[in-house]
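For reference, positions follow the sequence shown, starting with 1.
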Amino acid sequence: LALYPEDVRFAAVTEKDNYGQTVLFAASQHPASLKMILDLYPKEDRFAAVTEKDKGNKTVLHTAFSHSESLKMILDIYPEDKRLAAVTALNGRGQIVLLQAAQHPESLKTILDLLPEKDRLAAVKAYDKRGDNRVLDSATRHPGALKALLGCFPQDKRIEVLLSKNHMGSSCLMVAIANNTLQEIIVSLPKHVPAYPPQLYQDLLLKLNDLHKQAQYSVKKPAGENDDLQKKITCLTKILQGEVLDPVDMRSLDHPEITSVFEQHLPIDVVKSDIIKRNQQQYKGTMESLRANSSIGSADDAPSNTPHP
């Protein structure tokens, strides 16, 4: 490009080949080159450049899917509210960028981090054109990708992601078991009780998945049984997310179906003692935070001793 006179460089980089692609498509796989080419575009023209489609209905995002630096550079040009549509748009082969990136942990993390938090769950539930391949399931099949995906969600939302079902009725958790990536799920969960062995977390996840399966058919059960089922689900979800357990949750721990899972690894009394201790620590932390905020507010609201001029 340095050989071109400055006044014809822009024309050179916007010229299309027989596939309807500009040089941006090739440059998208080489971050340094991509930056150099994008810098030649006036700032107001860059969005049009990265959203332009070739004859195969692809944008530069579709060719950049395995290069996290390029993905960030391109998505930074998009307004935040247009990014979800961009990474879930189908190309001519029925593929979506996010599904292609699901095989590459860094690319997947880059895309999800750049999406508004409210759009991330919808993004990982997206399918390709055939409707039989979901972003979440694809990430579960690739070592490192599932861990990267879960890391983009707050800890109190990860159970919801894991229990999200695909078109076959299988949760991410079950896909992980089938693909031997369950350990990536376990390490993504909060470890507020170090005494819990990893195998216990696995068994708790499996039990929670089983309870959710039971809930699918609970409409045929008496209301009392449905209430007990939901209480058990709530109890296990709070434990796995490191949340405070209330008295109703603590009573659910005494249910034989829950107790039996813990008793394979730890005495239930030890579990209860640890949970109570954790509850007290979280309550203490909350109260200290409230007092600190109250003190700051009081200091801000206090009248100044400095006389007005």
Checking [X] side chain against [Y] main chain: does a donor-acceptor pair fall under 3.5 Å?
X      : Y      : result
Ser107 : Phe65  : yes
Asn57  : Leu90  : yes
Lys272 : Pro267 : no
Thr51  : Phe47  : yes
Ser252 : Val248 : yes
His255 : Arg251 : no
Thr110 : Glu106 : yes
Arg158 : Leu150 : yes
Thr181 : Thr140 : yes
Arg83  : Tyr78  : yes

Residue pair [X] / [Y]: nearest heavy atoms and the distance that separates them:
X      : Y      : result
Leu84  : Leu115 : N-CD2, 3.6 Å
Met73  : Pro31  : CE-O, 3.5 Å
Arg134 : Ser164 : NH1-OG, 2.9 Å
Lys58  : His62  : CA-ND1, 3.7 Å
Ala176 : Leu146 : CB-CD2, 4.4 Å
Ala102 : Val135 : CB-O, 4.0 Å

Could you give the distance from [atom1] ([X]) to [atom2] ([Y]), rounded to the nearest 0.5 Å?
X      : Y      : atom1 : atom2 : answer
Arg141 : Gln103 : CZ    : CD    : 10.0 Å
Thr59  : Ile74  : OG1   : CD1   : 7.5 Å
Leu136 : Asn166 : CG    : CG    : 8.5 Å
Leu38  : Arg46  : CG    : CZ    : 6.5 Å
Leu240 : Ile159 : CG    : CD1   : 4.5 Å
Leu205 : Thr237 : CG    : OG1   : 10.0 Å

(request) Would you sort out whether Glu257 and Leu211 count as a side-chain contact (heavy atoms from CB on, under 4.5 Å), showing the intermediate values? (result) CA-CA 10 Å; Glu257 193 172 7; Leu211 291 173; 3.7 Å; yes
(request) Under the side-chain contact (heavy atoms from CB on, under 4.5 Å) rule, collect the residues that match up with Thr259, sequence neighbours excluded. (result) Glu263, Ile268
(request) Please test Lys16 against Asp54 for salt bridge (charged side-chain N to carboxylate O under 4.0 Å, His left out), starting from the C-alpha separation and ending with a verdict. (result) CA-CA 9 Å; Lys16 295 179 181 179; Asp54 67 5; over 6 Å; no
Can you find a side-chain donor-acceptor pair between [X] and [Y] that sits under 3.5 Å?
X      : Y      : answer
Gln21  : Glu15  : no
Ser171 : Asn209 : yes
Asp128 : Gln95  : no
Ser28  : Thr63  : yes
His265 : Asp203 : yes

Could you tell me whether [X] and [Y] have a side-chain N and a carboxylate O separated by less than 4.0 Å?
X      : Y      : value
Asp76  : Lys72  : yes
Asp274 : Lys277 : no
Lys157 : Glu117 : no
Asp39  : Lys35  : yes

Decide if atom [atom1] of [X] counts as having more than 12 heavy atoms of other residues, nucleotides or ligands within a radius under 6.0 Å.
X      : atom1 : result
Gln29  : CD    : yes
Lys232 : NZ    : yes
Lys165 : NZ    : yes

(message) Quick check: is Val175 connected to Val124 through a chain of hydrophobic side chains (ILVMFWY, heavy atoms under 4.5 Å apart)?
(response) no
(request) Is it possible for you to say whether Val244 and Ile258 belong to one hydrophobic cluster, with membership spreading through side-chain heavy-atom contacts below 4.5 Å? (result) no
(request) Start with the C-alpha gap between Leu253 and Ile275, add the side-chain angles, then the distance that decides, and say whether side-chain contact (heavy atoms from CB on, under 4.5 Å) holds. (result) CA-CA 11 Å; Leu253 280 175; Ile275 288 173; 3.7 Å; yes
(request) Could you check Asn91 against Ile96 for side-chain contact (heavy atoms from CB on, under 4.5 Å), going step by step and ending with a plain yes or no? (result) CA-CA 7 Å; Asn91 64 16; Ile96 63 174; over 6 Å; no
(request) Indicate, with yes or no, if the rings of His167 and Tyr127 have centres closer together than 6.0 Å. (result)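 Here the rings of Tyr127 and His167 have centres that are less than 6.0 Å from each other.
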(request) Given side-chain contact (heavy atoms from CB on, under 4.5 Å), test Lys125 with Leu121 step by step and report yes or no. (result) CA-CA 6 Å; Lys125 288 182 176 181; Leu121 186 57; 3.8 Å; yes
(message) Going by side-chain hydrogen bond (donor to acceptor under 3.5 Å, both in side chains), name the residues that satisfy it together with Asp45, two or more places apart in sequence or in a different chain.
(response) none
